[in-house]
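Reviewing the structure listed below.
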Protein chains: 2
Amino acid sequence: MAAELGYVVSRTASTLASGRTLTVALITPFPGRWFFAQAIAAVESELRRNGYDALLVGLAQPADGHREVFEPETLRGRADAVVVLTVPLTGHELDGLRRLGLPTVFVGASVAGAMSVRIDDVAVGRTATEHLLQLGHTRIAHVGGDPNELLNFTARADRRAGWMAALRHSGIEPDPAYDVSGMFTAEGGRAAGERLLSLPDPPTAVFAGSDEMAYGVLAAARDRSLRVPEDLSVVGVDGHDLADLVGLTTVEQPVDRQGALAAQLALAAAGGQQARHQEHVVMPVRLVLRRTAATLGS
Amino acid sequence: MAAELGYVVSRTASTLASGRTLTVALITPFPGRWFFAQAIAAVESELRRNGYDALLVGLAQPADGHREVFEPETLRGRADAVVVLTVPLTGHELDGLRRLGLPTVFVGASVAGAMSVRIDDVAVGRTATEHLLQLGHTRIAHVGGDPNELLNFTARADRRAGWMAALRHSGIEPDPAYDVSGMFTAEGGRAAGERLLSLPDPPTAVFAGSDEMAYGVLAAARDRSLRVPEDLSVVGVDGHDLADLVGLTTVEQPVDRQGALAAQLALAAAGGQQARHQEHVVMPVRLVLRRTAATLGS
DNA sequence: CTGTTAGCGCTTTCAC
DNA sequence: GTGAAAGCGCTAACAG
């Protein structure tokens, strides 16, 4: 009553008494990279709208390789649910979460025994590649992230599989020389692009596994004074902030909606709704036509 | 002893008993934008290295204007310190933090009564503009963020002031038509660039208040078939991921180091080190020469 | 249905 | 020094 004068319940005390933390842990590598930053913003916003807090847990990956291991025990009594952004947790880590009884929802991949929100990455690769095939290209390369980067989860492999499937469906056997990997960044894309364009028989089109890699491929083309799309067509994946500005044709994914939905699933599970515990949602992607892909020589 | 088999202290209980939360609140607008995403990553990483948690508090700003108000009471007993990313808190909000006894460190601006880590934004504007002057330009425009966007704090005004000061120092009176504002984004920069380039007497050089705005200006130039840097020189601010790829000449700021230092100051203050309570750190910036700025017609 | 009481799992203080 | 006891501010279970 009179407590209107600035009383706020102590979350700490009520947590200790009830066991409910009103907090969701958000596990993410690279909080600074575009995809993760967008997803973090979306998840945090949705949690906050519902009175929950977002506990950010970054999982550093040193340049030399293996990422930091995540200690689920660390979360005991500190979160009601966990949202995992595109990190392939080990069996041990998953078991730990299960043992703590923390509902977990993955964004970017589906994992048995946990909820997930993702896109169909095979379809992504197929969509991009089919578009290039329809434009008349046959020498179509794939630029993917570093397969050793544990963080890449299934996205890289699936997008690549879609690329292969589309080519084979058109009776084209994917050329191993046209399948290159680098970092999942613009610099990685540039290096991959340079490799491809210096081949004796270079591709006329490139499907890049992310928009940032596509930017790198575009830079590599510019370095060689190749015109885009006349000499080289490029298709990316994501719907990055700058894609429109650059005129990049890309397979756009709804990052914000994936993040918001992941948060909602986490909240529902935290609220004890067992029904949704096994939910797997696949969101649609859409090909956005811009200026980097066209028929050869057009 | 035998508790080696998976015992972790309950943070909740120890918080309740001791009053120490081992958590730092990170208040930020737009967690998805480049600068903020980088800073969040740096702060979180530094906190984690020291056993502290990062509680992410997003402050949404609806498109129609005023941002969400931040309720300091909300943080009572939930954080030991606060890091504020580039949000100009109101006097009320600051008082609230002070009343709660929460040490606060600002990133991107200095505020009386709180610690801060920032760059010298006036120097940023001056450095960029002087570089363009030295290249022989005299018609130098400024593209800044939306002055109504509360979130812009002092950075926008200071960078603009540096631009003016440099011009006047060279005996050039800043032309109001050369001083345009938009969103602090690539699209905003593009709109501003279009406005500038459609002037009867367009500028030959542009100082953009952020790299993302600079990308927009570059796009506007390309739309008009202007060559960069032959017809138009552009200098940005930040050291954005893609600046190197694009060849953007820019005044680079150490975002990671600002974030890490802010976290360290917050930790020190949380640990009760009154000595640093009033610390204000200004970090150096550096002009990185690339391909978007040159002498006219070169 | 309202009022009371026993903890939640620690930290810290105070005896011993 | 080591060990017991008193809370931290709530929630939930229990009486009344």
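A note on names: the letters A, B, ... follow the listed sequences, proteins ahead of strands, and every chain is numbered from 1.
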Minimum heavy-atom separation for A:Gln38 to B:Gly32, with atom names?
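Smallest interatomic distance, heavy atoms only, reads NE2-O, 2.9 Å.
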
Short side-chain N/O contact from A:Arg20 to OP1 or OP2 of D:dA12, under 4.0 Å:
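Indeed, a polar side-chain atom of A:Arg20 lies that close.
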
Assign each of B:Ser18 and A:Ala17 to its nearest nucleotide of DNA chain D by heavy atoms, then name whichever residue's nucleotide is nearer the 5' end.
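Looking at DNA chain D, the more 5' nearest nucleotide goes with B:Ser18.
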
Between [N] atom [atom2] and [X] atom [atom1], what is the distance in whole Å?
{"X": "A:Arg76", "N": "C:dC8", "atom1": "CZ", "atom2": "C1'", "answer": "14 Å"}
{"X": "B:Leu16", "N": "C:dC8", "atom1": "CG", "atom2": "P", "answer": "13 Å"}
{"X": "A:Arg11", "N": "D:dC8", "atom1": "CZ", "atom2": "P", "answer": "22 Å"}

Report yes if some heavy atom in the side chain of A:Phe70 is under 4.5 Å from a heavy atom in the side chain of A:Leu97; otherwise report no.
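They are in side-chain contact.
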
Is there a side-chain hydrogen bond (donor to acceptor under 3.5 Å, both in side chains) between A:Asp80 and A:Thr21 once you walk through the steps?
CA-CA 6 Å; A:Asp80 298 333; A:Thr21 64; 2.8 Å; yes

